[in-house]
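Read the structure below first, then the notes.
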Amino acid sequence: MPETPYHHQEIELKWSGRWSSDPQLYQAADDGAKPRYYVLEMLPYPSGRLHMGHVRNYSIGDTLARYQWMRGYDVMHPMGWDAFGLPAENAAIKNKRHPAEWTHSNVAHMKRQLQRLGFAYDWDREVNTCTPEYYRWNQWLFLRMMERGLAYRKTSLVNWCPECATVLANEQVENGCCWRHETTPVEQRERDQWFLRITHYAEQLLDDMAQIEAGWPSMVLTMQRNWIGRSEGTEVDFRLKGADENIRVFTTRVDTIYGATCVILAPEHPISKRLCTGELAATLKAMVDDQGRKDPENLVKEGFYTGHTAVNPYNGQEVPVWVGNFILWGYGTGAIMAVPAHDERDFEFCTKYGIPIVPVIRPVDGELAVNPTEAFTEYGIMANSAEWTGLTSAEGRKRMSEKAEKDGFGKASITYRLKDWGVSRQRYWGTPIPMVHCPACGVVPVPESDLPVVLPYEINITGAGRSPLENVESFVNTKCPRCGNDARRETDTMDTFVDSSWYFFRYVDPHNAQAPFSTATVTPWFPVDQYIGGVTHAILHLLYARFWCKVMRDIGIVSVDEPFKCLFTQGMVQLNGQTMSKSKGNIVDPDEMVVRFGADTCRLFTLFAAPPEKDMDWNESSVEGQYRFVSRVWRFVTRNIDAGSGSGSTDQRALRKLHQTIGKVTSDFENRWHFNTSIAALMELTNELYLCEAGLSASVRAECAEKLVLLLAPFAPFVSEELWEMMGRTGPLFKQPWPQFDAALAAENVIEIPVQIGGKVRSRILAAPDASQETLEQLALADMKIQALTAGNTVAKVVVVPGKLVSIVVK
RNA sequence: GCCCGGGUGGCGAAACUGGCAGACGCAACGGACUUAAAAUCCGUUGACCCGCGAGGGUCGUGCGGGUUCGAUCCCCGCCCCGGGCACCA
């Protein structure tokens, strides 16, 4: 058959039409006949259009999914929409479109884009988090958490972004500014908020890392570990002199307490307020107001003496009580003992204000410092510490904690940097928190039978500070579920990180109307075999999802401790070294490339440009190379369908390259997903086949064409499927068995071995790949060039690495 | 400041982690085909030096040292780029 021209548009439209009209095509059988494999990619926010970061993420996932199908797995490969969130409301304000309408039209468009790119999703499992069918289960789970004391309400100082007019989680504050508005400083406001008690799981979140260590990038686990910030120490009460009150401090270095020369309170500490009367009250207030706006880059430590003193319980010494702007109210007890001799920050503070510096720890092999010029922060030997003198820091910490506990003025304690998750948002486009405020009964949960609490459609979104829901009377006015009298609905909605914390469970049982999912249905698919997404979610989303999984396990509806066995974090797609983002206006849309070159080329291009975990700078200049490659495969295969036979003189050469390629591509899939080198190997194979073509026998010609198409299938599904059909084969290509590697066929008859003298390559010898050390040494020493170069010298040593090289050392 | 990544031709990158540096692709150049161009096919292409030539030599993986027969890879000390954390007591 003569070769035919490659018309990507025609071929791709044909197949994407067929594929999307067959809803069963990519369904998992879920009958246990084959081993299961769950490929999960982070679901997109429906912002309007796909960007190249999505294309990259989903190309990686789809390539893996198709490979696993070919390897014989029963693959689950779903997709959905993280559809609640702020941009929908911003669009509502700006374009006068309803958030629901805006979201749904974005979803429709992006779904078409995904289908056009040929991603093999089971759309029957599509999950859209802004539908009542989904978010009612957020509410249901919230009630379960409430019952277990994991969801609670408390008044607290919260981060407030004036731009968003909403509360931000600590995780959404970056450098004191809003994560969306990087130049808007966050303010502190007092509000009643809903919280989820993630701190209750802090220890498990750390411990269970052991279960996923093998499959997760260590960097992500490290980041989470730092975020949780576990710290072992001691809480100690300093009695406030002249008052029946203690100041409790947290320290990791109780062994230094004989060097404590003052106590410092956070400005927000209730005791600060009580101690600062008269003129000091104004000073304190100014400092509190300043806290939310502090620029961590160049904050100057400031403080003032309250005029009060407190007593060190270990030695009875009286120390002054200060207030300091660098003491965090949200960490530990919000108060510290300052030991300037052994803590850099205390040193800086006490030096500035002339507070004494008393060294009490000496280096293990040195003397106690006199008038130190910097803090000695290492562990050492205790000095000037009464009966503890001479102990090591470690011993001191342990025994002094025991003493505090025994005498009732403190205890050993573990503190976390992690804080409870504030989930309240004063926003319309989110899951309503299923609570009612009754004047008589207080906060009352909505009964399960009344779920879902549906978000009202009629809404006027203005962007003003109050939550839009507060103005919807039909929503707000309700009856108390307990006493039946008039009551008001909670108008806060949930953080959208709630939605993405469990959607991957819903995928497995997406139409369940009785429960978030059936435990029996879900269990065989968990943990997820492979989760793929951006490293930007290393802390927030992935930590919340892990937490949520443990909660669901404790509720009894999930059987695993950890949701994701393996995690792959792909690199970012950048443009001129900058992250692509809407605000920077440097989004690249895939549509144009798909029209010009086709989805196959687009996918190959994103995979070829760099290994998947590496950041890549978007530069389209090499995209034509991928198009050329696809075209070359196309021409080779089409012109060799039922082609005449050659002599067979190049059969061995072609088969060798074919099997080397099978080996290479397979090992890339199994070990490291460096698809750039897999695609390079397929190019090499294609190049070799062009050179061998004339001499190929009919059977080898057909075999090479067929295997080439199979190997290409996970990367470029459209052209592969079309060629498969043209070869007269039936059945979807992604269900065909992956080609078998044959080591004997891949082996070279003879290889070239470099011979070095003094580490420099001086000659090359030909030898069998399995030639022995002795043979190689003899061949090398017998080589003419080597003989010439070694003449007159003594060969001191010969290093032979079989199959690799010979290295000769001369004197 | 601390913790991770990373620095290789004109460009994206390989070298599976101690064994031929630069696979594959882009760009560039040459040849074939063509009236011509495009497309296609076949080649060349790290830098410098010697040679008419086949060929040979020196240098070369951010910089400076070290270990080794041999270092892009390991060790020590720097420089630059990207990311995370940043008064966490």
Side-chain angles (χ1 to χ4, degrees), chain A residues 3 5 174-175 217-220 222-227 229-231 233-234 249-253 256 264 266 294 296-297 299-301 324-328 330-339 342-346 348-349 415-419 535-536 538-539 571-572 574 577 579 604-605 608-611 613-626 628-629 631-632 635 664 667-668 671-672 674 676-687 690-691 752-761 763-764 796-801 803-810:
Chain A
E3 68 181 43
E174 292 169 356
N175 295 326
S218 57
M219 181 179 67
V220 173
T222 304
M223 283 164 73
Q224 291 202 359
R225 216 172 268 126
N226 293 341
W227 190 261
R230 184 182 193 275
S231 175
T234 314
V249 304
F250 174 75
T251 177
T252 55
R253 292 297 303 275
T256 66
I264 314 177
K294 53 187 181 185
E297 289 283 333
L299 179 84
V300 180
K301 287 184 182 51
N325 67 343
F326 69 105
I327 306 303
L328 303 171
Y331 180 78
T333 60
I336 66 151
M337 62 174 197
V339 184
H342 303 294
D343 182 284
E344 282 171 24
R345 296 151 303 177
D346 297 348
E348 187 190 335
F349 186 81
T415 296
Y416 301 92
R417 204 191 82 110
L418 181 71
K419 297 180 187 77
V535 72
T536 40
I539 298 173
M572 289 183 299
Q574 301 176 321
T579 321
L604 282 167
F605 169 69
F608 184 75
E613 76 279 4
K614 236 187 105 174
D615 289 349
M616 71 186 255
D617 203 66
W618 192 255
N619 179 352
E620 294 187 19
S621 67
S622 69
V623 67
E624 304 217 17
Q626 301 309 310
R628 244 170 272 179
F629 166 57
S631 307
R632 275 166 70 80
R635 282 193 299 270
K664 166 70 183 157
S667 97
D668 276 343
N671 298 324
R672 53 174 207 172
H674 277 200
N676 53 333
T677 60
S678 309
I679 294 166
L682 291 170
M683 290 172 167
E684 283 189 61
L685 172 61
T686 306
N687 293 345
Y690 267 64
L691 299 177
E752 205 179 62
I753 303 262
V755 182
Q756 299 181 342
I757 296 177
K760 289 181 193 266
V761 178
S763 183
R764 295 184 170 82
K797 188 174 160 189
V798 180
V799 180
V800 182
V801 184
K804 290 284 185 190
L805 64 27
V806 179
S807 182
I808 298 166
V809 188
V810 295

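Basis for what follows: all heavy atoms, side chains included, without hydrogens, waters or symmetry-related copies. Just so we're on the same page: letters track the sequence lines, and every chain starts at 1.
When heavy atoms are screened at a 4.0 angstrom cut-off, A:Tyr416 is found touching no nucleic acid atom at all. Residue-level contact check: A:Ile264 touches neither bases nor backbone, having no heavy atom under 4.0 Å from any strand. Within the nucleic acid shown, A:Asn687 comes within 4.0 Å of sugar-phosphate atoms alone, with no base atom in reach, counting heavy atoms only. Within the nucleic acid shown, A:Lys301 comes within 4.0 Å of at least one base atom, counting heavy atoms only.
Rounded to whole Å, the separation between the P atoms of B:rC3 and B:rC75 comes to 15 Å. With P as the reference atom, B:rA14 and B:rU8 are 12 Å apart, rounded to whole Å. A gap of 14 Å separates the C1' atoms of B:rG46 and B:rA13, to the nearest Å. Taking the C1' atoms as reference points, B:rU61 lies 9 Å from B:rG7, given to the whole Å. For the P atom pair drawn from B:rC2 and B:rG18, the interatomic distance equals 29 Å after rounding to whole Å. Taking atom P in both B:rG84 and B:rC29, one finds a spacing of 42 Å when rounded to whole Å. Separation of the P atoms belonging to B:rC59 and B:rG70 is 14 Å when rounded to the nearest angstrom. Using atom P as the reference point in both B:rG60 and B:rG77, the two lie 24 Å apart (nearest Å).
Side-chain proximity of A:Met572 to B:rA89, B:rG83, B:rG25: nearest is B:rG83. If you check B:rG25, B:rC69, B:rA89 against the side chain of A:Val799, the one that comes closest is B:rC69. Comparing B:rC42, B:rC4, B:rC24 by their nearest atom to the side chain of A:Met219 picks out B:rC4. In this structure, of B:rC16, B:rG82, B:rU40, it is B:rG82 that holds the atom nearest to the side chain of A:Asp615. Taking the side chain of A:Ile336 as heavy atoms from C-beta on, and the options B:rA89, B:rC42, B:rC24, the nearest nucleotide is B:rA89. Nearest nucleotide to the side chain of A:Lys614, out of B:rC69, B:rC42, B:rA13: B:rA13. Ranking B:rA89, B:rA14, B:rA27 by closeness to the A:Tyr331 side chain, first place goes to B:rA89. Residue A:Trp227 places its side chain closer to B:rC85 than to any other of B:rC41, B:rC11, B:rC85. Nearest nucleotide to the A:Met683 side chain, out of B:rC24, B:rG19, B:rA89: B:rC24.
One can place CG of A:Asp617 at 16 Å from P of B:rC81, the figure rounded to the nearest angstrom. The separation between A:Gln626 atom CD and B:rG25 atom P is 9 Å, rounded to whole Å. Rounded to whole Å, atom P of B:rA86 lies 17 Å from atom CZ of A:Arg225. Atom-to-atom, CZ of A:Arg628 to P of B:rC42 comes out at 13 Å; the value is rounded to the nearest Å. A:Ile679 has its CD1 atom 18 Å from the P atom of B:rG12, to the nearest Å. Atom CZ in A:Arg417 sits about 13 Å away from atom C1' in B:rC2, given to the nearest Å. Remark: P of B:rG19 and NZ of A:Lys760 are 18 Å apart, rounded to the nearest angstrom. If you take CE of A:Met223 and P of B:rC3, they are 16 Å apart, rounded to a whole angstrom.
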Base-pairing string, 5' to 3', of RNA chain B - Watson-Crick or wobble, under 3.5 Å, | interstrand: (((((((..(((......[....))).(((((.......))))).(((((....)))))..(((((..]....))))))))))))....
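Distances shorter than 4.0 Å separate some side-chain N or O of A:Ser231 from OP1 or OP2 on B:rA89. Between B:rG25 and A:Arg632, no contact under 4.0 Å exists linking OP1 or OP2 to a side-chain N or O. Dashed line: the shortest gap from a side-chain N or O of A:Tyr690 to OP1 or OP2 of B:rC41 is under 4.0 Å.
The residue among A:Asn226 and A:Thr415 whose nearest nucleotide of RNA chain B is located toward the 5' end is A:Asn226. Mapping A:His674 and A:Thr222 onto RNA chain B by nearest heavy atom places A:Thr222 closer to the 5' end of the strand.
Because its glycosidic torsion is within 90° of 0, B:rG9 is reported here as syn.
Looking at A:Tyr331 and A:Tyr416, their side chains never come closer than 4.5 Å, going by heavy atoms from C-beta outward. Put simply, the side chain of A:Leu604 reaches to within 4.5 Å of the side chain of A:Ile679, judged on heavy atoms. A:Asn226 is listed as a side-chain neighbour of A:Thr222, based on a closest heavy-atom distance under 4.5 Å. For the pair A:Lys797/A:Val810, no side-chain contact is recorded, criterion being any heavy-atom separation below 4.5 Å from C-beta on. A:Thr251 is not listed as a side-chain neighbour of A:Ile336, based on a closest heavy-atom distance of 4.5 Å or more.
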Interface polar pairs with nucleotides 20-23 of chain B, N/O, under 3.5 angstrom:
{"residue": "B:rC20", "atom": "O2", "partner": "A:Arg764", "partner atom": "NE", "Å": "3.0"}
{"residue": "B:rC20", "atom": "O2", "partner": "A:Arg764", "partner atom": "NH2", "Å": "3.0"}
{"residue": "B:rC20", "atom": "N4", "partner": "A:Glu752", "partner atom": "O", "Å": "3.4"}
{"residue": "B:rA23", "atom": "O2'", "partner": "A:Glu684", "partner atom": "OE2", "Å": "3.1"}

Using atom names, set out every protein N or O paired with an N or O of nucleotides 71-73 of chain B below 3.5 Å, distance rounded to 0.1 Å.
none

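For A:Ser807 against B:rC69, a side-chain N or O and a base N or O form a donor-acceptor pair under 3.5 Å.
In this pair, A:Phe349 and A:Phe326 present their aromatic rings tilted. The plane angle is within the 30 to 60° band.
The shortest non-hydrogen separation linking A:Ala338 to A:Ile264 is CB-CD1, 3.9 Å. A:Val339 approaches A:Asp346 most closely through the heavy-atom pair N-OD2, 2.9 Å. Taking all atoms of both residues into account, the shortest heavy-atom contact from A:Val761 to A:Pro754 is CG1-CB, 4.1 Å. Across all non-hydrogen atoms, the minimal contact from A:Gly330 to A:Lys419 is O-CE, 3.6 Å.
Note that CG of A:Asp668 and OG1 of A:Thr677 are 3.5 Å apart. Values are rounded to the nearest 0.5 Å. A distance of 11.0 Å separates OG of A:Ser667 from NE2 of A:His674, quoted to the nearest 0.5 Å. In this structure, A:Asn676 CG and A:Lys614 NZ are separated by 9.5 Å, a value rounded to the nearest 0.5 Å.
A:Tyr690 carries A:Arg632 over the face of its six-membered ring, with the cationic atom under 6.0 Å from the centre and within 45° of the normal.
Aromatic ring centroids of A:Phe605 and A:Trp618 lie under 6.0 Å apart.
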